[in-house]
Amino acid sequence: MRLGLALGYWGRGPNPAHLDLAREAEDLGYASVWTAEAWGSDAFTPLTWIAAHTSRIRLGTAIAQMAARTPTATAMHALTLDHLSGGRMMLGLGLSGPQVVEGWYGRPFPRSPLTATREYVDVVRQVLRREAPVALDGRFHSHPYNGPDATGLGKPLKPITHPLRAGLPVLLGAEGPKNIAQTTRIADGWLPLYWSPMRTDVYEASLSGLPEGFMIAPMARAHVCDDVAEGLLPVKAMLGFYIGGMGAAARNFHADLMARMGFEEEARHIQQLFLQGRKEEAVLAVPDAFADEISLVGPRERIAERLELWRKGPVTDLLVTAPDPHTLRVLAELNQ
């Protein structure tokens, strides 16, 4: 199992520690470093900055939001950074949800998410292969565009720049069972939001018949500390925000996933508290057991024991969000 460093997206401003953490991870032999985006900082610019200050570590977006860019624009970002970094780029994509797609990007959330994702990946692949002009008679991503307001002058095009690698890895963030199953067919890897090494049966049906070399790369908070309960607080804060605030009451993919993982009553309670404006209560309502299962928190000996559970399953890459270089070093030593 390889280790990766997940830096996420910025909060109110740039995190001054991110570049140092990325360099430390490269020195420790971490395989990859990942950036993300929500509705603030973008994923590609910080990753380009990291690429310029590192030389070996692979670079991934986890995730770049599909609604933020057309598939050809995303492919342009990926092929450009792949050239600049000497072939280190990995493109992680996600559809997000109606709240973000319609509220932030001002676009309709696709009524057929599986089709929209499949078409998006198809166009990205066509750009990277550069075998012919991009052409797709699709429902969401037609090339050339042929909607009711089209001029009819659109022309199929190939990228002017020759991509460095036709097989640049494409990974997808997927949560629903059908979406995960499709991911195994159209992508090179999967970026789970929550992964419990104790509940791998939740995904068993969706992951049947994995192709060779398929990446399963979940993110997990890691922190070497003496007080487990205190170390879990950032995990619970994240879960409270995603389960309570990243979606509407009637449609929240993160809450649905937590429910499928055996915590349905707790997930709905967290949602209810958050939507009532009782955010601190929502965070405290996150079960310690769930937060603990999806993270690596506590003294070194405890993390060593729990890391073995992750290593025994199908995970190929563990993407850790670690707040300090010490934690990165401990994980690197334990994973040898």
Side-chain angles (χ1 to χ4, degrees), residues 1-4 6 62 171 173-181 183-184 189-210 214-244 252-271 282-322 327 330-336:
M1 184 179 71
R2 295 177 293 258
L3 294 177
L171 299 90
E175 294 181 49
K178 292 181 180 179
N179 200 355
I180 297 169
T183 296
T184 67
W190 172 43
L191 296 161
L193 181 60
Y194 312 138
W195 179 276
S196 168
M198 304 171 187
R199 301 175 191 266
T200 56
D201 57 304
V202 173
Y203 303 113
E204 189 173 355
S206 299
L207 296 176
S208 61
L210 286 179
F214 187 83
M215 292 176 62
I216 298 178
M219 284 179 278
R221 170 83 174 186
H223 188 194
V224 178
C225 59
D226 294 327
D227 189 329
V228 174
E230 183 178 344
L232 287 176
L233 285 176
V235 184
K236 296 176 68 167
M238 176 274 292
L239 288 169
F241 175 64
Y242 273 76
I243 293 163
N252 184 313
F253 302 136
H254 311 304
D256 293 344
L257 174 57
M258 182 178 174
R260 287 196 300 275
M261 296 179 75
F263 295 88
E264 182 170 8
E265 184 178 342
E266 294 90 339
R268 303 311 171 198
H269 182 52
I270 294 164
Q271 256 191 309
V283 170
L284 294 176
V286 175
D288 283 1
F290 182 61
D292 199 22
E293 283 185 25
I294 66 170
S295 60
L296 288 163
V297 172
R300 179 188 175 109
E301 296 75 17
R302 185 176 194 269
I303 289 178
E305 292 176 1
R306 300 176 77 86
L307 186 63
E308 285 304 309
L309 297 175
W310 292 78
R311 290 160 61 98
K312 289 177 181 177
V315 171
T316 62
D317 295 77
L318 175 59
L319 312 184
V320 297
T321 60
T327 296
V330 168
L331 284 172
E333 292 167 2
L334 294 176
N335 196 52
Q336 291 179 354

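Only this structure's heavy atoms are used, side chains among them; waters, hydrogens and symmetry mates stay out.
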Using side-chain contact (heavy atoms from CB on, under 4.5 Å), reason through Leu239 and Ile270 one step at a time and then give a plain yes or no. CA-CA 9 Å; Leu239 288 169; Ile270 294 164; over 6 Å; no
Rounded to the nearest 0.5 Å, the CG atom of Asp256 sits from the CD atom of Gln271 at a distance of 7.5 Å
I'd like a table of donor-acceptor pairs (distance under 3.5 Å, sequence neighbours excluded) in which one partner is a side-chain atom from residues 216-233, with atom names and distances.
residue : atom : partner : partner atom : Å
Asp227  : OD1  : Ala229  : N            : 3.1
Asp227  : OD1  : Glu230  : N            : 3.1

Hey, is the main chain of Ala181 close enough, under 3.5 Å, to the side chain of Thr184 for a donor-acceptor pair?
-> yes
inquiry  = Students often mix this up, so state it plainly: with edges at 30° and 60°, are the rings of Phe290 and Phe263 parallel, tilted or perpendicular?
reply    = tilted
Evaluate side-chain contact (heavy atoms from CB on, under 4.5 Å) for Val283 paired with Phe241, printing each intermediate quantity in order.
CA-CA 8 Å; Val283 170; Phe241 175 64; over 6 Å; no
OG (Ser206) and CD (Glu175) are apart, to the nearest 0.5 Å, by 12.5 Å
NZ (Lys236) and CD1 (Ile243) are apart, to the nearest 0.5 Å, by 11.5 Å
#### Entry: Any donor-acceptor N/O pair, Trp190 side chain to Ala174 backbone, under 3.5 Å
yes
Item checked: Close side-chain approach of Arg302 and Asp292, heavy atoms under 4.5 Å -> yes
**Main-chain N/O of Gly298 paired with Arg306 side-chain donor or acceptor, under 3.5 Å** = no
Heavy atoms, side chains only, cut-off 4.5 Å: are Leu309 and Met198 in contact? yes
query = Is Asp317 reaching over with its side chain to a backbone N or O of Met1, donor-acceptor style, under 3.5 angstrom?
reply = no
Problem set entry | Any side-chain heavy-atom pair of Ile303 and Val297 under 4.5 Å | no
- prompt: Given side chains that start at C-beta, do those of Tyr194 and His254 come closer than 4.5 Å, heavy atoms only?
  reply: yes
- Item | Side-chain touch Leu307/Leu318, heavy atoms, less than 4.5 angstrom | yes
All heavy atoms of Pro197 vs all of Trp310, minimum pair found to be CG-NE1, 3.6 Å
Going through the distances and angles, do Gln336 and Leu334 end up as a side-chain contact (heavy atoms from CB on, under 4.5 Å)? CA-CA 6 Å; Gln336 291 179 354; Leu334 294 176; over 6 Å; no
For this session: Check whether any side-chain heavy atom of Thr316 sits under 4.5 Å from a side-chain heavy atom of Arg2, and report yes or no.
Result: yes
Would you call Glu266 and Val286 a side-chain contact if the rule is heavy atoms closer than 4.5 Å? no
Next on the checklist: Check this for me: does any side-chain nitrogen of one of Arg300 and Glu333 sit under 4.0 Å from a carboxylate oxygen of the other?
Outcome noted: yes
- Run the numbers on Leu3 and Leu319 for side-chain contact (heavy atoms from CB on, under 4.5 Å), then give the verdict. CA-CA 6 Å; Leu3 294 177; Leu319 312 184; over 6 Å; no
Side chains of Glu293 and Pro287 in contact at under 4.5 Å (non-hydrogen atoms): no
Between the CG atom in Leu193 and the CD1 atom in Ile294, the distance rounded to the nearest 0.5 Å is 7.5 Å
Tell me whether Thr327 contacts the main-chain N or O of Ala322 through its side chain, where contact means a donor paired with an acceptor under 3.5 Å. no
